[in-house]
Undergrad: 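Sharing a structure below in C-alpha coordinates format, with a few things to ask.
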Amino acid sequence: MNYIPNPLIIPIGLIVGVLIAAPVGPVNVLCIQRAIERGFWGGIAAGIGSVMGDGLIALCAGLGVGTVSGAVQTHRAVIQALGGLALIAFGARLYLSAPRLRIASDGETSSESLKDFVWDIPQTFFLTITNPGAVLGLFAVFGGVSTFVEVHSTIDVLLMVAAIVSGSMLWWVTLSNIIGRYRHQIDLRTLTLVNRIAGLLLAGFGAVLIAEVIWKGGNF
(Lines give C-alpha, C1' and ligand atoms only; values in the text may rest on other atoms or scores of the structure.)
Protein backbone atom coordinates (compact mmCIF):
# COMPACT_ATOMS: atom_id res chain seq x y z
CA MET A 1 0.00 0.00 0.00
CA ASN A 2 1.29 3.48 -0.90
CA TYR A 3 1.23 5.77 2.12
CA ILE A 4 2.75 8.76 0.30
CA PRO A 5 -0.04 10.96 -1.11
CA ASN A 6 0.13 12.73 -4.44
CA PRO A 7 1.77 16.17 -3.80
CA LEU A 8 -0.60 17.85 -6.28
CA ILE A 9 -3.60 17.06 -4.08
CA ILE A 10 -3.05 19.94 -1.66
CA PRO A 11 -2.82 22.87 -4.13
CA ILE A 12 -5.56 21.45 -6.38
CA GLY A 13 -7.81 20.82 -3.37
CA LEU A 14 -7.26 24.35 -2.07
CA ILE A 15 -8.18 25.82 -5.46
CA VAL A 16 -11.29 23.63 -5.70
CA GLY A 17 -12.31 24.67 -2.18
CA VAL A 18 -12.12 28.36 -3.08
CA LEU A 19 -13.98 27.81 -6.36
CA ILE A 20 -16.75 25.95 -4.53
CA ALA A 21 -17.15 28.65 -1.87
CA ALA A 22 -16.85 31.73 -4.10
CA PRO A 23 -19.86 31.60 -6.50
CA VAL A 24 -22.93 33.53 -5.38
CA GLY A 25 -25.66 31.18 -4.20
CA PRO A 26 -28.22 31.06 -1.38
CA VAL A 27 -25.72 29.98 1.28
CA ASN A 28 -23.17 32.54 0.13
CA VAL A 29 -25.76 35.31 0.30
CA LEU A 30 -26.63 34.34 3.87
CA CYS A 31 -22.97 34.13 4.90
CA ILE A 32 -22.18 37.55 3.45
CA GLN A 33 -25.23 39.08 5.13
CA ARG A 34 -24.15 37.61 8.47
CA ALA A 35 -20.67 39.09 8.05
CA ILE A 36 -22.11 42.53 7.25
CA GLU A 37 -24.57 42.53 10.14
CA ARG A 38 -22.57 40.69 12.79
CA GLY A 39 -18.96 41.21 11.84
CA PHE A 40 -16.04 38.83 11.41
CA TRP A 41 -17.22 36.05 13.74
CA GLY A 42 -20.76 36.16 12.38
CA GLY A 43 -19.41 35.55 8.89
CA ILE A 44 -17.06 32.82 10.12
CA ALA A 45 -19.87 30.96 11.93
CA ALA A 46 -22.06 30.96 8.83
CA GLY A 47 -19.08 29.97 6.68
CA ILE A 48 -18.21 27.04 8.95
CA GLY A 49 -21.65 25.52 8.42
CA SER A 50 -21.26 25.80 4.66
CA VAL A 51 -17.75 24.35 4.77
CA MET A 52 -18.88 21.43 6.93
CA GLY A 53 -21.64 20.66 4.44
CA ASP A 54 -19.25 20.78 1.49
CA GLY A 55 -16.73 18.67 3.39
CA LEU A 56 -19.28 15.98 4.18
CA ILE A 57 -20.40 15.83 0.55
CA ALA A 58 -16.80 15.71 -0.69
CA LEU A 59 -15.98 12.93 1.78
CA CYS A 60 -18.91 10.83 0.58
CA ALA A 61 -17.88 11.45 -3.03
CA GLY A 62 -14.25 10.61 -2.34
CA LEU A 63 -15.02 7.38 -0.52
CA GLY A 64 -17.18 6.25 -3.41
CA VAL A 65 -20.41 6.29 -1.46
CA GLY A 66 -22.54 5.86 -4.55
CA THR A 67 -25.64 5.26 -2.47
CA VAL A 68 -25.54 8.91 -1.38
CA SER A 69 -25.56 10.15 -4.95
CA GLY A 70 -28.22 7.57 -5.82
CA ALA A 71 -30.38 8.61 -2.88
CA VAL A 72 -30.09 12.26 -3.89
CA GLN A 73 -31.17 11.38 -7.41
CA THR A 74 -34.04 9.19 -6.21
CA HIS A 75 -35.37 11.61 -3.61
CA ARG A 76 -34.26 14.81 -5.31
CA ALA A 77 -37.76 16.27 -5.41
CA VAL A 78 -38.27 15.86 -1.66
CA ILE A 79 -34.81 17.20 -0.79
CA GLN A 80 -35.20 20.10 -3.19
CA ALA A 81 -38.65 20.99 -1.87
CA LEU A 82 -37.40 20.94 1.74
CA GLY A 83 -34.42 23.07 0.79
CA GLY A 84 -36.67 25.49 -1.08
CA LEU A 85 -39.07 25.84 1.85
CA ALA A 86 -36.14 26.39 4.23
CA LEU A 87 -34.74 29.12 1.97
CA ILE A 88 -38.12 30.85 1.76
CA ALA A 89 -38.45 30.69 5.55
CA PHE A 90 -34.94 32.06 6.10
CA GLY A 91 -35.55 34.75 3.50
CA ALA A 92 -38.86 35.86 5.01
CA ARG A 93 -37.37 35.92 8.49
CA LEU A 94 -34.39 37.95 7.30
CA TYR A 95 -36.59 40.37 5.35
CA LEU A 96 -38.89 41.03 8.29
CA SER A 97 -36.34 41.02 11.12
CA ALA A 98 -34.93 44.24 12.52
CA PRO A 99 -31.20 44.60 11.74
CA ARG A 100 -28.72 44.25 14.56
CA LEU A 101 -25.60 46.24 13.86
CA ARG A 102 -22.98 46.00 16.62
CA ILE A 103 -19.80 47.89 15.87
CA ALA A 104 -17.11 48.61 18.42
CA SER A 105 -16.31 52.30 18.81
CA ASP A 106 -12.81 53.69 18.59
CA GLY A 107 -10.61 52.26 21.31
CA GLU A 108 -13.18 49.61 22.20
CA THR A 109 -12.55 45.93 21.59
CA SER A 110 -15.48 43.80 20.56
CA SER A 111 -16.22 41.08 23.12
CA GLU A 112 -18.07 38.91 20.62
CA SER A 113 -16.62 35.56 19.62
CA LEU A 114 -17.54 32.50 17.58
CA LYS A 115 -19.66 31.04 20.38
CA ASP A 116 -22.03 34.02 20.18
CA PHE A 117 -23.09 32.95 16.68
CA VAL A 118 -22.76 29.18 16.97
CA TRP A 119 -26.40 28.59 15.99
CA ASP A 120 -25.69 29.91 12.51
CA ILE A 121 -23.51 26.85 11.87
CA PRO A 122 -26.30 24.22 11.69
CA GLN A 123 -28.46 26.63 9.64
CA THR A 124 -25.97 27.01 6.79
CA PHE A 125 -24.99 23.35 7.09
CA PHE A 126 -28.62 22.33 6.54
CA LEU A 127 -29.02 24.69 3.59
CA THR A 128 -25.87 23.27 2.00
CA ILE A 129 -26.75 19.59 2.24
CA THR A 130 -30.36 20.15 1.11
CA ASN A 131 -29.28 21.70 -2.19
CA PRO A 132 -29.35 18.68 -4.53
CA GLY A 133 -27.76 20.63 -7.36
CA ALA A 134 -24.78 21.52 -5.19
CA VAL A 135 -24.51 17.95 -3.88
CA LEU A 136 -24.49 16.37 -7.33
CA GLY A 137 -22.24 19.12 -8.65
CA LEU A 138 -19.67 18.51 -5.94
CA PHE A 139 -19.79 14.77 -6.64
CA ALA A 140 -19.05 15.52 -10.30
CA VAL A 141 -16.29 18.02 -9.50
CA PHE A 142 -14.64 15.67 -7.02
CA GLY A 143 -14.81 12.81 -9.49
CA GLY A 144 -13.19 14.88 -12.23
CA VAL A 145 -10.49 16.34 -9.99
CA SER A 146 -9.67 13.01 -8.34
CA THR A 147 -9.12 11.50 -11.76
CA PHE A 148 -6.92 14.42 -12.85
CA VAL A 149 -4.62 14.23 -9.81
CA GLU A 150 -4.94 10.44 -9.43
CA VAL A 151 -6.66 10.17 -6.06
CA HIS A 152 -6.66 6.45 -5.33
CA SER A 153 -5.98 5.59 -1.70
CA THR A 154 -8.01 6.51 1.38
CA ILE A 155 -5.16 8.78 2.49
CA ASP A 156 -5.39 10.60 -0.84
CA VAL A 157 -9.13 11.04 -0.40
CA LEU A 158 -8.84 12.36 3.16
CA LEU A 159 -6.08 14.75 2.11
CA MET A 160 -8.16 16.00 -0.81
CA VAL A 161 -11.19 16.58 1.42
CA ALA A 162 -9.02 18.38 3.99
CA ALA A 163 -7.55 20.58 1.24
CA ILE A 164 -11.01 21.42 -0.15
CA VAL A 165 -12.31 22.28 3.32
CA SER A 166 -9.21 24.39 4.01
CA GLY A 167 -9.62 26.25 0.71
CA SER A 168 -13.28 27.00 1.42
CA MET A 169 -12.52 28.10 4.96
CA LEU A 170 -9.68 30.32 3.74
CA TRP A 171 -12.16 32.03 1.43
CA TRP A 172 -14.63 32.72 4.23
CA VAL A 173 -11.95 33.93 6.65
CA THR A 174 -10.61 36.33 4.01
CA LEU A 175 -14.04 37.57 2.96
CA SER A 176 -15.27 37.96 6.55
CA ASN A 177 -12.11 39.85 7.45
CA ILE A 178 -12.51 42.25 4.51
CA ILE A 179 -16.18 42.86 5.29
CA GLY A 180 -15.39 43.26 8.99
CA ARG A 181 -12.89 46.01 8.21
CA TYR A 182 -15.36 48.13 6.22
CA ARG A 183 -18.73 47.34 7.79
CA HIS A 184 -18.38 50.34 10.14
CA GLN A 185 -19.27 52.48 7.13
CA ILE A 186 -22.74 50.90 7.02
CA ASP A 187 -25.60 52.53 8.93
CA LEU A 188 -28.84 50.89 10.05
CA ARG A 189 -30.78 52.16 7.05
CA THR A 190 -28.27 50.60 4.65
CA LEU A 191 -28.19 47.38 6.67
CA THR A 192 -31.99 47.20 6.53
CA LEU A 193 -31.75 47.44 2.74
CA VAL A 194 -29.04 44.73 2.70
CA ASN A 195 -31.21 42.45 4.84
CA ARG A 196 -34.23 42.94 2.60
CA ILE A 197 -32.25 42.31 -0.58
CA ALA A 198 -30.65 39.21 0.95
CA GLY A 199 -34.05 38.02 2.19
CA LEU A 200 -35.59 38.46 -1.26
CA LEU A 201 -32.67 36.62 -2.87
CA LEU A 202 -32.96 33.70 -0.45
CA ALA A 203 -36.73 33.49 -0.93
CA GLY A 204 -36.20 33.77 -4.68
CA PHE A 205 -33.73 30.89 -4.68
CA GLY A 206 -36.20 28.84 -2.66
CA ALA A 207 -39.10 29.67 -4.98
CA VAL A 208 -37.02 28.63 -8.01
CA LEU A 209 -36.21 25.27 -6.39
CA ILE A 210 -39.87 24.58 -5.60
CA ALA A 211 -41.02 25.81 -9.02
CA GLU A 212 -38.57 23.42 -10.68
CA VAL A 213 -40.00 20.52 -8.69
CA ILE A 214 -43.56 21.45 -9.67
CA TRP A 215 -42.59 22.07 -13.31
CA LYS A 216 -40.98 18.64 -13.59
CA GLY A 217 -43.87 16.99 -11.77
CA GLY A 218 -41.60 15.96 -8.91
CA ASN A 219 -41.90 12.35 -7.83
CA PHE A 220 -42.26 12.50 -4.06
Undergrad: At their closest point, which heavy atom of Phe117 faces which heavy atom of Gly42, and how far apart are they?
TA: CD1-N, 3.6 Å
Undergrad: When hydrophobic residues are tied together by side-chain contacts of less than 4.5 Å, even through go-betweens, does Leu14 share a cluster with Leu158?
TA: yes
Undergrad: Nearest 0.5 angstrom please: Glu37 CD to Arg183 CZ, how far?
TA: 8.5 Å
Undergrad: With Arg181, which residues qualify under side-chain contact (heavy atoms from CB on, under 4.5 Å), at least two apart?
TA: Asn177
Undergrad: Quick one, Ile20 and Val16 - any side-chain contact, counting heavy atoms below 4.5 Å?
TA: yes
Undergrad: Between atom CD1 of Ile197 and atom OH of Tyr95, what is the distance when rounded to the nearest 0.5 Å?
TA: 10.0 Å
Undergrad: Would a distance-only check, ignoring hydrogens and angles, find a side-chain to backbone donor-acceptor pair under 3.5 Å from Arg34 to Gly43?
TA: no
Undergrad: Please enumerate all residues that pass side-chain contact (heavy atoms from CB on, under 4.5 Å) together with Ser176, with sequence neighbours excluded.
TA: Ala35, Phe40, Ile44
Undergrad: Heavy-atom distance under 4.5 Å between the side chains of Ile210 and Leu87, does that happen here?
TA: no
Undergrad: Consider only side-chain heavy atoms of I, L, V, M, F, W and Y, link residues closer than 4.5 Å, and tell whether Leu201 and Val208 are in one cluster.
TA: no
Undergrad: Working to the nearest 0.5 Å, report the span between CE of Met160 and CD1 of Ile155.
TA: 14.5 Å
Undergrad: For residues 48-58, which side-chain donor-acceptor pairs fall under 3.5 Å, sequence neighbours excluded?
TA:
none

Undergrad: Run Ile36 and Leu191 through side-chain contact (heavy atoms from CB on, under 4.5 Å) and show every step you take.
TA: CA-CA 8 Å; Ile36 293 174; Leu191 181 58; 3.8 Å; yes
Undergrad: In the single-linkage hydrophobic clustering (I, L, V, M, F, W, Y; side-chain heavy atoms under 4.5 Å), do Ile164 and Ile10 co-cluster?
TA: yes
Undergrad: Measure the spacing between CZ of Phe90 and CZ of Phe205 and express it to the nearest 0.5 Å.
TA: 15.0 Å
Undergrad: Looking at CH2 of Trp171 and CG of Asn28, how far apart are the two atoms once the value is rounded to the nearest 0.5 Å?
TA: 8.5 Å
Undergrad: Run the side-chain contact (heavy atoms from CB on, under 4.5 Å) check on Gln185 and Thr190 step by step: do they pass?
TA: CA-CA 10 Å; Gln185 301 177 12; Thr190 304; over 6 Å; no
Undergrad: Under 4.5 Å between side-chain heavy atoms, counting indirect links through other Ile/Leu/Val/Met/Phe/Trp/Tyr residues: same cluster for Leu170 and Trp172 or not?
TA: no
Undergrad: Quick one, Ser168 with Val18, criterion side-chain contact (heavy atoms from CB on, under 4.5 Å). Give me CA distance, side-chain angles, the key distance, then yes/no.
TA: CA-CA 5 Å; Ser168 295; Val18 172; over 6 Å; no
Undergrad: Looking only at non-hydrogen atoms, find the nearest pair between Ile121 and Ala45 and report the distance.
TA: CG1-O, 3.2 Å
Undergrad: Return the minimal non-hydrogen interatomic distance between Gly47 and Cys31, and the atom names on each side.
TA: N-SG, 3.8 Å
Undergrad: With sequence neighbours excluded, what pairs up with Ile15 under the side-chain contact (heavy atoms from CB on, under 4.5 Å) test?
TA: Leu19
Undergrad: With a 3.5 Å cut-off and sequence neighbours excluded, list the donor-acceptor pairs that the side chains of residues 78-85 form with protein atoms.
TA:
{"from": "Gln80", "atom 1": "OE1", "to": "Arg76", "atom 2": "NE", "distance (Å)": "3.3"}
{"from": "Gln80", "atom 1": "NE2", "to": "Leu209", "atom 2": "O", "distance (Å)": "2.9"}
{"from": "Gln80", "atom 1": "NE2", "to": "Glu212", "atom 2": "OE1", "distance (Å)": "2.8"}

Undergrad: Minimum heavy-atom separation for Leu127 to Thr130, with atom names?
TA: O-OG1, 3.4 Å
Undergrad: Would you please name every residue forming a side-chain hydrogen bond (donor to acceptor under 3.5 Å, both in side chains) with Thr174, sequence neighbours left out?
TA: none
Undergrad: For the CG atom of Asn195 and the CG atom of Leu94, what is their distance to the nearest 0.5 Å?
TA: 4.5 Å
Undergrad: Let me check something: do Trp119 and Ile129 share a hydrophobic cluster, defined by ILVMFWY side-chain heavy atoms less than 4.5 Å apart, either directly or through other members?
TA: yes
Undergrad: For residues Arg93 and Gln123, report the shortest heavy-atom separation together with the two atoms involved.
TA: NH1-NE2, 4.4 Å
